Participant: 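The structure under discussion is supplied below as structure tokens; questions concerning it will follow.
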Amino acid sequence: MKTTELAQAIKKGELTAQANAEEKIKAVEKNKHLNAFIDVYAEEALEKAKEIDARVKKGEETGMLAGLIVALKSNICIKGKRATCASKILENYVAPYNATVVEKIIAEDGIIIGSTNMDEFACGSAGTYSAFGPARNPHNPELVPGGSSSGSAVAVATGMADLALGSDTGGSIRCPASFCGVVGFKPTYGAVSRYGLIDMGMSLDQIGPFARDVEGAMLLLTTIAGKDARDQQTSATPSQLAFEAKKIKGMKIGLAKEFFEGTDKQIALKIGEAIQKLKEAGAELVEVSIPSARYAVPIYFLTMFAEFSSAMQKYDGLRYGLPTDVTMPLAKAVSEERAQGLGREIKRRIMVGTFITMKEYSEAWYAKTLKARTKLKKEFETALEKCDAIVTPTMPCLPWKIGEKMSNPVEMYMADMLTASANIAGIPAGTAKCAEINGLPVGMQVHAKKNDENNAFTVLQAVQERTGK
Ligand code: GLN
């Protein structure tokens, strides 16, 4: 049953929210070994489900998400719950307010089931940098589920949740969605409020949906999108208030060779087959070129390091963090605090970010990066003038073994080579499963113009229907 059909069935009283919640809670128990959740709110979810059923029975109007079970990445603030970011430094941090997306989900009667595991502070592509232990891939628990929104993807893939939210700064929704075989979507920068999202790279971060089908992703995005006075970057266009897929026939689909060069041959082949199916469905294929996409990894990482090192300053044990030993001199106390509370990858990023933004070096590194970012953004805009959507593989490789790529950060960074461009350009991009290789899902990525998510959803829905996935 499609997510939207499930929502309708609950709304009409054909199915109860309680039964749905019980089924999801059972799946949470059964899949504990995948380590998808940091905290589960089973009892509260059941209570809320019963309340919704009672309202349906009385014939009261219920919200768009009534009775659907939603999991949230643990960098999204839920009032009165821990928001750990999977870091030791925030192990005991309880959010004092709701993120805007949380308010919107609650207002539409979505049922929040728990906070999901992730790479510490959203830094990673594997889910292995969590201070709460690695999350695992449901298709093979020896393999990574992708990251950094690992648990959210796993939860949806295994039926522990109907929907989930993640954050995507350089690919953190699309990577795990692709590795777990679900739909994941990064909206246009500014389409969804970041108020209450613990930031990583503020010019790149976006909250976005996971779902088992494109319809579910559109439903959740419709719920959370829109202008918010608490996030000045938000804007709302009419198309962003109700997302819907249109007809694929006659759509122009752009293909850029740069996105296939570093991709595993088997994956490129599968994507090629799926592209043919889009053509059979009536889409027109056009060649486009985005040469700077080859530099997406350095552009993304240098931008993010700079913003991340600044975002991390507040974890000093005084404002946020573990309790500080007040008997120590301040500099020593802060340094101890961070030494103990933060993981290796986080420290690496803070150091590089601090370095490239230092007065002496910022012209050579940070300023240059910003120039390259503008160039890549322009190339994307030009390419998207020639077509309605650009289709690429989502990931250049299949999920790797847990523990691999951890000793070589650059190898891990390269996993973002196909996803980071969308964040750099601020445009929407989503992924849907289009094939399998040795029992592992392969995701196809679709980019569209700024505020044109409907075009991306149209292609994703065609992928879903035509590849039967
Ligand atoms: N994998 C990327 C990184 O390590 C992306 C992270 C993200 O999107 N949050 O930075």
Side-chain angles (χ1 to χ4, degrees), residues 72-76 85-87 116-130 134-135 144-153 164-180 184-187 189 192 194 197-210 296-312 342-353 356 369 373 394-397 399-400 404-406 408-431 443 445:
L72 302 182
K73 187 174 182 176
S74 49
N75 58 354
I76 296 173
C85 283
S87 179
T116 57
N117 203 358
M118 58 186 277
D119 285 295
E120 185 174 5
F121 283 104
C123 294
S125 300
T128 40
Y129 291 138
S130 165
V144 302
S148 65
S149 314
S150 320
S152 291
L165 286 184
S167 64
D168 191 310
T169 307
S172 279
I173 291 175
R174 291 160 285 156
C175 162
S178 177
F179 280 4
C180 293
F185 201 91
K186 181 207 92 74
Y189 184 73
V192 176
R194 288 164 301 135
L197 168 71
I198 298 177
D199 59 333
M200 176 187 179
M202 63 172 179
S203 77
L204 304 155
D205 294 338
Q206 263 306 278
I207 295 177
F210 286 93
V297 167
I299 298 172
Y300 160 68
F301 275 93
L302 291 170
T303 309
M304 179 269 297
F305 288 156
E307 294 178 7
F308 185 64
S309 66
S310 151
M312 293 302 287
L342 299 173
R344 206 179 150 81
E345 179 59 24
I346 303 302
K347 289 176 192 151
R348 178 171 15 243
R349 293 184 186 210
I350 295 174
M351 303 267 283
V352 184
I356 62 166
T369 304
R373 179 176 188 176
T394 307
M395 295 302 291
C397 57
W400 52 89
E404 272 176 21
K405 295 193 202 262
M406 288 181 75
N408 183 347
V410 175
E411 224 183 282
M412 182 82 86
Y413 299 166
M414 289 308 284
D416 301 324
M417 61 191 254
L418 307 177
T419 49
S421 290
N423 305 76
I424 295 167
I427 58 174
T431 181
Q445 179 173 224

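Both counts, for ligands and for their atoms, begin at 1 and track the order of listing. We use all heavy atoms of the structure for the numbers below, so side chains are in, but hydrogens, waters and symmetry mates are not. Please read all numbers here as calculations on a predicted model, not as lab measurements.
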Participant: Would you call F185 and I173 a side-chain contact if the rule is heavy atoms closer than 4.5 Å?
Facilitator: no
Participant: Consider every N or O of G147 and every N or O of ligand 1, then say whether any pair is closer than 3.5 Å.
Facilitator: no
Participant: Would you mind running through ligand 1 and noting each atom that sits below 4.0 Å from a heavy atom of S148?
Facilitator: 9 (N)
Participant: Where the side chain of S74 meets the backbone of N117, is there a donor-acceptor pair that is under 3.5 Å apart?
Facilitator: no
Participant: Would you say Y413 touches ligand 1, if touching means a heavy atom closer than 4.0 Å?
Facilitator: no
Participant: Any side-chain heavy atom of E120 sitting closer than 4.5 Å to one from E345?
Facilitator: no
Participant: Heavy atoms only: give me the nearest G147-D119 pair and the separation to one decimal.
Facilitator: CA-OD2, 3.6 Å
Participant: Show the atoms of ligand 1 that are less than 4.0 angstrom away from any heavy atom in C123.
Facilitator: 4 (O)
Participant: Write down the atom of F179, the atom of C397, and the distance for their closest heavy-atom approach.
Facilitator: CE1-O, 3.3 Å
Participant: So for R349, does at least one of its heavy atoms come nearer than 4.0 angstrom to any atom of ligand 1?
Facilitator: yes
Participant: Can you name the nearest heavy-atom pair linking R349 to F301, along with the distance?
Facilitator: NH2-CE2, 3.8 Å
Participant: Of the protein's non-hydrogen atoms, which lies at the shortest distance from atom 6 (C) of ligand 1, and what is that distance?
Facilitator: S172 OG, 2.8 Å
Participant: Partners of E307 by side chain to side chain donor-acceptor pair (under 3.5 Å), sequence neighbours excluded?
Facilitator: S203
Participant: Is there a donor in the side chain of S167 and an acceptor in the side chain of K73, or the other way round, less than 3.5 Å apart?
Facilitator: yes
Participant: Among all protein non-hydrogen atoms, which one is nearest to atom 10 (O) of ligand 1, and what is the separation to 0.1 Å?
Facilitator: Y300 OH, 2.6 Å
Participant: Taking only heavy atoms of M304, which atoms of ligand 1 are found under 4.0 Å from at least one of them?
Facilitator: 10 (O)
Participant: Can you report which non-hydrogen protein atom sits closest to atom 2 (C) of ligand 1, along with the distance?
Facilitator: D416 OD2, 2.9 Å
Participant: Please list, in number order, the atoms of ligand 1 under 4.0 Å from a heavy atom of A122.
Facilitator: 6 (C), 7 (C), 9 (N)
Participant: Is the closest N or O pair between M200 and ligand 1 shorter than 3.5 Å?
Facilitator: no
